[in-house]
Novice: 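The structure follows.
Note on naming: letters A, B, ... go to the chains in the order of the sequence lines (proteins, then strands), and numbering restarts at 1 for each one. Just so it is clear, the model here is predicted, and its values are computed rather than measured.
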Protein chains: 2
Amino acid sequence: MITNQDYLYSLRKCYLFEGIGDEQLSDAIKLLNGRIRKVEKDEFIVKLGGSLQNAGLLLKGRIESSFQNESFDQITMHTFSGGYLFGEALVINGAKNSPVQVRAVEDCIVLFIDLERIYTVTDDSPIRSVLVNNLIKSLAKKNLILNQKVRILSQKSLRDRILIYLKTLPKDKDGYVKIPFTQTALAEHLGVNRSALSRELGRMQDEGILISDSKRMKLN
Amino acid sequence: MITNQDYLYSLRKCYLFEGIGDEQLSDAIKLLNGRIRKVEKDEFIVKLGGSLQNAGLLLKGRIESSFQNESFDQITMHTFSGGYLFGEALVINGAKNSPVQVRAVEDCIVLFIDLERIYTVTDDSPIRSVLVNNLIKSLAKKNLILNQKVRILSQKSLRDRILIYLKTLPKDKDGYVKIPFTQTALAEHLGVNRSALSRELGRMQDEGILISDSKRMKLN
DNA sequence: ATAAATTTGTTGCTGTGGCAACAGCTTTTT
DNA sequence: AAAAAGCTGTTGCCACAGCAACAAATTTAT
């Protein structure tokens with residue numbers, strides 16, 4: 001039996017539960033009718049064109065949302081890990097034809113929840129009003145994330161896509177950023193050809209504007 | 001003096017007030033501390049990198065949100081008219097550096113509102129709970145709109161961008177769609193070069209897959 | 001430890017679409 | 001009605017990045 005306690009860390013990271021004390025966490029999850037489910041690597045939680053009944057909260061593992069363009073290239077929307085809420089927009093819109101697919105990249109543990117209970121039921125439970133608040137903020141934040149994606153994809157040159165992407169990543173003290181993907185996956189994130197990406201990264205190093213030792217990069 | 005009554009039609013179109021009767025509309029607007037302001041053509045409501053204090057509800061006119069890529073091309077995010085709520089995501093996130101600019105394309109009338117009042121104040125006014133519900137749905141819907149934008153920008157070929165865009169527009173009985181932009185503006189929507197767009201539209205007509213008589217188009 | 005699978009660098013070829021420039025139209029302004 | 005501003009079609013040029021193919025390196029599976 002899997003308990004909430006096992007994943008307290010991920011739950012705490014989730015924006016939806018911000019401001020809700022550890023003691024009330026169980027109540028909140030009960031209120032949302034939370035159900036834990038294992039999802040195996042490479043399993044699709046949402047298929048392209050499919051629908052999703054419930055939003056999910058990722059407790060463990062990594063999940064990726066993506067789609068294909070008309071040339072059948074894979075474009076990654078977002079890769080996320082513990083504490084991430086996904087599928088809210090689909091569920092709230094009652095979308096029948098999902099424009100994205102959602103796939104487990106590793107073995108995952110997901111807490112599925114009935115989001116509607118946050119905003120349709122109208123009692124004045126104090127927990128609910130916190131949840132409402134957090135849900136609104138989550139949605140607004142995801143909006144900005146999507147904006148960022150649009151910004152990357154709007155760049156004309158591959159180099160600009162790389163530069164913008166790198167600027168979003170947090171720098172460590174030496175000014176390096178960690179790339180959380182293989183180069184192949186990075187290409188899918190930036191929506192570019194893999195070998196073209198490799199070539200451009202090489203060029204940038206030749207020109208001296210980029211230092212790159214596998215998985216770590218630094219701009220000048 | 002401008003009254004709410006003057007713009008009842010636009011207010012009714014706004015998703016935020018769905019399910020709120022005409023009689024209660026004034027109460028709702030009072031609750032949100034609504035203030036009407038004229039915005040002149042070409043005035044910026046949000047500048048790039050700036051911030052926005054209040055969300056706006058467009059009562060009259062047309063507004064466009066856009067940004068520039070690193071090559072200084074103008075990319076249009078969204079053009080909207082009466083009844084549209086904008087700036088929510090910026091306000092809710094408290095964004096200091098707006099990634100987009102918002103500009104009046106025509107002379108506009110805007111109702112600015114204090115969105116926070118919807119979700120921070122915690123009394124159990126029945127109007128508020130409707131507003132909360134609608135705000136959540138609005139945010140989720142905007143999410144899908146952004147998704148659509150990402151989808152267009154992820155296409156490798158100009159033609160695919162055009163095709164996908166056309167498919168989102170509503171067809172009339174003859175299968176024609178109305179293009180609500182000049183070709184120049186359409187190019188900015190699709191994030192492509194204006195003359196390349198013109199060229200490609202020409203090609204498509206030559207190939208017989210598109211019929212186009214100024215402002216109206218039809219696919220085969 | 002070995003094999004299998006995946007990732008990465010590299011390179012020649014090629015097509016698409018960006019760019020600039022201009023002429024002809026259309027729309028807006030005065 | 002005239003002038004100004006903006007939109008559209010067209011064209012030659014060419015760079016960027018997609019593509020395919022392969023070998024080398026790295027990672028994962030058995």
Side-chain angles (χ1 to χ4, degrees), chain A residues 40-42 62 64 68-76 79 105-107 152-165 179-207 210-217, chain B residues 40-42 61-62 64 68-76 79 103 105-107 152-165 179-207 210-217:
Chain A
E40 277 179 31
K41 179 176 172 180
D42 287 330
R62 259 162 41 107
E64 178 188 278
Q68 286 168 242
N69 66 17
E70 302 289 310
S71 317
F72 304 104
D73 304 312
Q74 178 98 191
I75 312 282
T76 306
T79 306
V105 181
E106 311 170 350
D107 286 340
I152 287 180
L153 294 175
S154 296
Q155 299 307 320
K156 217 152 34 199
S157 74
L158 209 171
R159 178 170 297 194
D160 283 334
R161 293 194 186 196
I162 296 170
L163 290 174
I164 289 187
Y165 174 73
I179 310 293
F181 304 116
T182 65
Q183 216 175 80
T184 306
L186 180 57
E188 288 179 353
H189 262 262
L190 302 180
V192 300
N193 179 275
R194 198 268 319 161
S195 72
L197 173 61
S198 174
R199 183 203 287 147
E200 185 65 30
L201 286 173
R203 268 188 208 142
M204 289 168 76
Q205 288 184 81
D206 291 347
E207 290 178 32
L210 178 77
I211 303 170
S212 163
D213 53 73
S214 77
K215 299 282 140 176
R216 282 181 3 130
M217 293 188 187
Chain B
E40 278 180 30
K41 180 177 171 179
D42 287 330
R62 261 166 35 113
E64 178 188 277
Q68 287 167 241
N69 66 16
E70 302 287 310
S71 316
F72 303 105
D73 305 312
Q74 178 98 192
I75 311 283
T76 307
T79 306
R103 200 186 102 241
V105 181
E106 311 170 351
D107 287 340
I152 287 179
L153 294 175
S154 297
Q155 299 307 320
K156 217 154 32 202
S157 74
L158 208 173
R159 177 170 299 193
D160 283 335
R161 293 195 187 196
I162 296 170
L163 289 175
I164 289 187
Y165 174 72
I179 310 293
F181 304 116
T182 65
Q183 215 174 81
T184 306
L186 179 58
E188 289 178 353
H189 262 262
L190 302 180
V192 300
N193 179 274
R194 198 267 318 160
S195 71
L197 173 61
S198 174
R199 183 204 284 147
E200 186 65 29
L201 286 173
R203 268 188 207 142
M204 289 168 77
Q205 284 178 266
D206 290 348
E207 291 179 32
L210 179 76
I211 303 170
S212 163
D213 53 75
S214 78
K215 301 281 142 171
R216 286 184 357 133
M217 292 188 188

Novice: Could you check whether the side chain of A/Arg199 and the base of D/dG18 have a donor-acceptor pair of N or O atoms closer than 3.5 Å, going by distance alone?
Specialist: yes
Novice: If you round to the nearest 0.5 Å, how far is CD1 of B/Ile179 from CD1 of B/Ile162?
Specialist: 9.5 Å
Novice: Should we say atom NZ of A/Lys41 is surrounded by more than 12 heavy atoms from elsewhere, each under 6.0 Å from it?
Specialist: no
Novice: Closest to the A/Glu200 side chain: C/dG9, D/dT8, D/dA17?
Specialist: D/dA17
Novice: On DNA chain D, nearest-nucleotide positions of A/Arg194 versus A/Arg159: which is more 5'?
Specialist: A/Arg159
Novice: Kindly say whether, by distance alone, the side chain of A/Ser195 makes a donor-acceptor pair under 3.5 Å with the base of D/dA17?
Specialist: no
Novice: From the options C/dT10, C/dG18, D/dA17, select the nucleotide whose nearest atom is closest to the side chain of A/Ser198.
Specialist: C/dT10
Novice: Looking only at side-chain atoms of B/Thr184, point me to the closest of C/dG17, D/dT8, D/dG18.
Specialist: D/dT8
Novice: Mind calculating the distance between CG (A/Asp160) and P (C/dG18) to the nearest angstrom?
Specialist: 14 Å
Novice: Which nucleotide sits closest to the side chain of B/Leu158: C/dT8, D/dT8, C/dG17?
Specialist: C/dG17
Novice: Determine the minimum heavy-atom distance between A/Ser154 and B/Leu153, stating which atoms define it.
Specialist: OG-CD1, 3.3 Å
Novice: Does B/Lys215 use its side chain to pair, donor to acceptor, with the backbone of B/Phe181 at less than 3.5 Å?
Specialist: yes
Novice: Check the distance between C/dT10's P and A/Gln183's CD and give it to me in whole angstrom.
Specialist: 10 Å
